[in-house]
Asker: 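Please see the structure below; I have some questions.
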Amino acid sequence: MVKLMRYDVAIIGGGPVGNYLANLLASEFKVVVLEAKNSFGGKACTGIMGAENYEKLNLPKEAIINKLRGAVFYSRIQSFEIERPTPQAYVVDRKLLERKLAENAIRHGAEYYMGARFLGFKNRKAIVQRFNEKFEIEADFYVGADGLNSKVAQEIGARTDAEFLSGYEVEVVGDFNRTDFVEIWVNKEINNEFFMWLAPINNFNARLGTFGTYDRLFRFLKLKLLKETNIVEIKAGNVGLGFRKPWVKGNIALVGDAALQIKPLTAGGIVYGMLCSHALRYSIRRGNLKMYEDLCKDIKKQISFGLRIRRLFKALNQDQIEKFFEIFSSDEAKNVIETYADFDDHKKTISAIVKNPKLLARGLRVFPMLLRYLV
Ligand SMILES: Cc1cc2nc3c(=O)[nH]c(=O)nc-3n(C[C@H](O)[C@H](O)[C@H](O)COP(=O)(O)OP(=O)(O)OC[C@H]3O[C@@H](n4cnc5c(N)ncnc54)[C@H](O)[C@@H]3O)c2cc1C
């Protein structure tokens, strides 16, 4: 006989978002988390998260490994800096973040099954494989927090026309003197698919990454005069930029990467997934998942806006990017950016630039179709 277990909520996937949701629900509901891997972490992720949301979401301080208060943007031939007096983003240890969230959820009553892979639904029950044992879980609500290639999304027939990109990231040993600034490189001659980033961890280690091919990351490494033989860790993973629909079917919901709650401009997904977890908790408390998508409408707007900016990025050639860099490095633009820059609210930052008539006029001179992408 196959073992059957009963829960209020079954969360499939113990990544940062699944574990965060488990924290939100554990003291009120009988919660189980099913995680396919035997331990936490291991996913390709630079671990950059907006500091304001990190604090608001009350995430574990122990997982913060560096604090960033500024960014230097580089194009092929120029650069400009944006800085604030206080940290705007944190670099976190993903493994520790996931682990601490799981430990806290367990302390509040959640039950975890590590090494437990969700195989599919049968007769409204989740079928789970753990080593050579199969068991069934029956729950009032099922949540697919099982990442980009979500089996739960597949089971509910969710579809997407998102753009999928491969990402590569390395941790490298070198000399990094400005440890509170992230570097963002926008150079289509090196990578025409995405920007490249360097996030320092301390004076001796940094994470470099991009989306596209490993070769493009390798070229970026060379540009930074860093040696491939100084790499101590390589990770690869994918992101999906776009929408996956629906997020809900009956008593089953998707959250995090499973629902593609990812910022199209930076490919960061942890914060959006966690913000949507709050909407999901509210819907579960009300016993009705129908309101969940509506409660996430601000995140959906951010994703739509980010997709438009992504299309703009793709439409620009490097010479036009250089001209935009000239605009952004002007005192007027820097002032607007430094005042309105928000790590997780790209709409707010870009809208502030566009609302400045002088900056908009300059932008339109560089790219007359600009408004078509922004409005
Ligand atoms: C190169 C790269 C860099 C990135 N950098 C950043 C960054 O700096 N900041 C940021 O916010 N985001 C970043 N991201 C995106 C970020 O990694 C994701 O948005 C984030 O991991 C989403 O969390 P999640 O919990 O929804 O999904 P995941 O982290 O994918 O977790 C899903 C979990 O579900 C488990 N699982 C999968 N299938 C099953 C199954 N059938 N049964 C049971 N368990 C299952 C998996 O083992 C996994 O633990 C980056 C991504 C890449 C590729």
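Note that these values count all heavy atoms, side chains included, but never hydrogens, waters or copies made by symmetry. Just follow the structure's listing: the first ligand is 1, and inside any ligand the first atom is 1.
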Asker: Considering distance alone, does some N or O of Glu169 sit under 3.5 Å from an N or O of ligand 1?
Answerer: no
Asker: Among Ser39, Gly167, Ala36, which one has a heavy atom closest to atom 43 (C) of ligand 1?
Answerer: Ala36
Asker: Applying a heavy-atom cut-off of 4.0 Å, say which part of Phe40 lies close to ligand 1: side chain, backbone, both or neither.
Answerer: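 Neither; nothing of Phe40 gets under 4.0 Å from ligand 1.
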Asker: Looking at Pro16, which atoms of ligand 1 are within less than 4.0 Å of one of its heavy atoms?
Answerer: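 What qualifies from ligand 1 is 23 (O), 25 (O), 29 (O).
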Asker: Heavy atom under 4.0 Å from ligand 1: found in Gln261's side chain, backbone, both, or neither?
Answerer: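 Neither; no heavy atom under 4.0 Å.
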Asker: Is the positively charged end of Lys188 above the ring of Phe313, judged by distance under 6.0 angstrom from the centroid and angle within 45° of the axis?
Answerer: yes
Asker: Does Ile262 come within less than 4.0 angstrom of ligand 1, counting non-hydrogen atoms of the residue?
Answerer: no
Asker: Roughly how far apart are Tyr90 OH and Asn66 CG, rounded to 0.5 Å?
Answerer: 11.0 Å
Asker: Atoms of ligand 1 less than 4.0 Å from Ala116 heavy atoms?
Answerer: 42 (N), 43 (C)
Asker: Are any of the N/O atoms in Tyr168 less than 3.5 Å from those in ligand 1?
Answerer: no
Asker: Check salt bridge (charged side-chain N to carboxylate O under 4.0 Å, His left out) between Arg285 and all other residues, then give those that pass, not counting sequence neighbours.
Answerer: Glu28
Asker: Heavy atom under 4.0 Å from ligand 1: found in Leu34's side chain, backbone, both, or neither?
Answerer: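 Near ligand 1, Leu34 shows its backbone, while the atoms from C-beta on stay back.
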Asker: Does Arg244 have any salt bridge (charged side-chain N to carboxylate O under 4.0 Å, His left out) partners at least two apart in sequence or in another chain, and if so, which?
Answerer: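 Listed in chain order: nothing, the list is empty.
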Asker: Should you measure from each heavy atom of Gly269, which atoms of ligand 1 turn up under 4.0 Å away?
Answerer: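 Reading through ligand 1 atom by atom, the close ones are 10 (C), 11 (O), 12 (N), 15 (C), 19 (O).
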Asker: Is Phe118 close to ligand 1, meaning an N/O of one under 3.5 Å from an N/O of the other?
Answerer: yes
Asker: May I ask you to list the atoms of ligand 1 that are less than 4.0 angstrom from any heavy atom of Ile270?
Answerer: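 It comes down to these atoms of ligand 1: 10 (C), 11 (O), 12 (N), 19 (O).
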Asker: Picking from Trp185, Phe325, Trp197, what satisfies ring-ring contact (aromatic ring centres under 6.0 Å, His included) with Tyr74?
Answerer: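 It is Trp185; the other options fail the test.
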Asker: Report the part of Lys43 (side chain from C-beta onward, or backbone N, CA, C, O) that has a heavy atom under 4.0 Å from ligand 1; answer both or neither where that applies.
Answerer: side chain
Asker: Taking only non-hydrogen atoms of Lys235, do any sit less than 4.0 angstrom from ligand 1?
Answerer: no
Asker: Answer with side chain, backbone, both or neither: which part of Ala258 has a heavy atom less than 4.0 angstrom from an atom of ligand 1?
Answerer: neither
Asker: Is Tyr20 in contact with ligand 1, taking contact as a heavy-atom separation below 4.0 Å?
Answerer: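 No heavy atom of Tyr20 comes that close to ligand 1.
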Asker: With nothing but distance in play, are any N or O atoms of Trp197 less than 3.5 Å from an N or O of ligand 1?
Answerer: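 For ligand 1, there is no N or O atom that lies under 3.5 Å from one belonging to Trp197.
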Asker: Quick check on Arg130: does its CZ atom have over 12 non-hydrogen neighbours (other residues, nucleotides or ligands) under 6.0 Å away?
Answerer: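 Yes, enclosed.
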Asker: Taking only heavy atoms of Gly147, which atoms of ligand 1 are found under 4.0 Å from at least one of them?
Answerer: 27 (O), 30 (O), 32 (C)
Asker: Select the closest option to atom 53 (C) of ligand 1 among Gly47, Gly256, Ala126, Gly237, judged by heavy-atom distance.
Answerer: Gly237
Asker: Heavy-atom distances under 4.0 Å decide this one: backbone, side chain, both or neither, for Ala267 against ligand 1?
Answerer: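 It is the backbone that gets close, since no side chain atom is under 4.0 Å.
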Asker: Looking at ligand 1, does Ala145 have a heavy atom less than 4.0 Å from it?
Answerer: yes
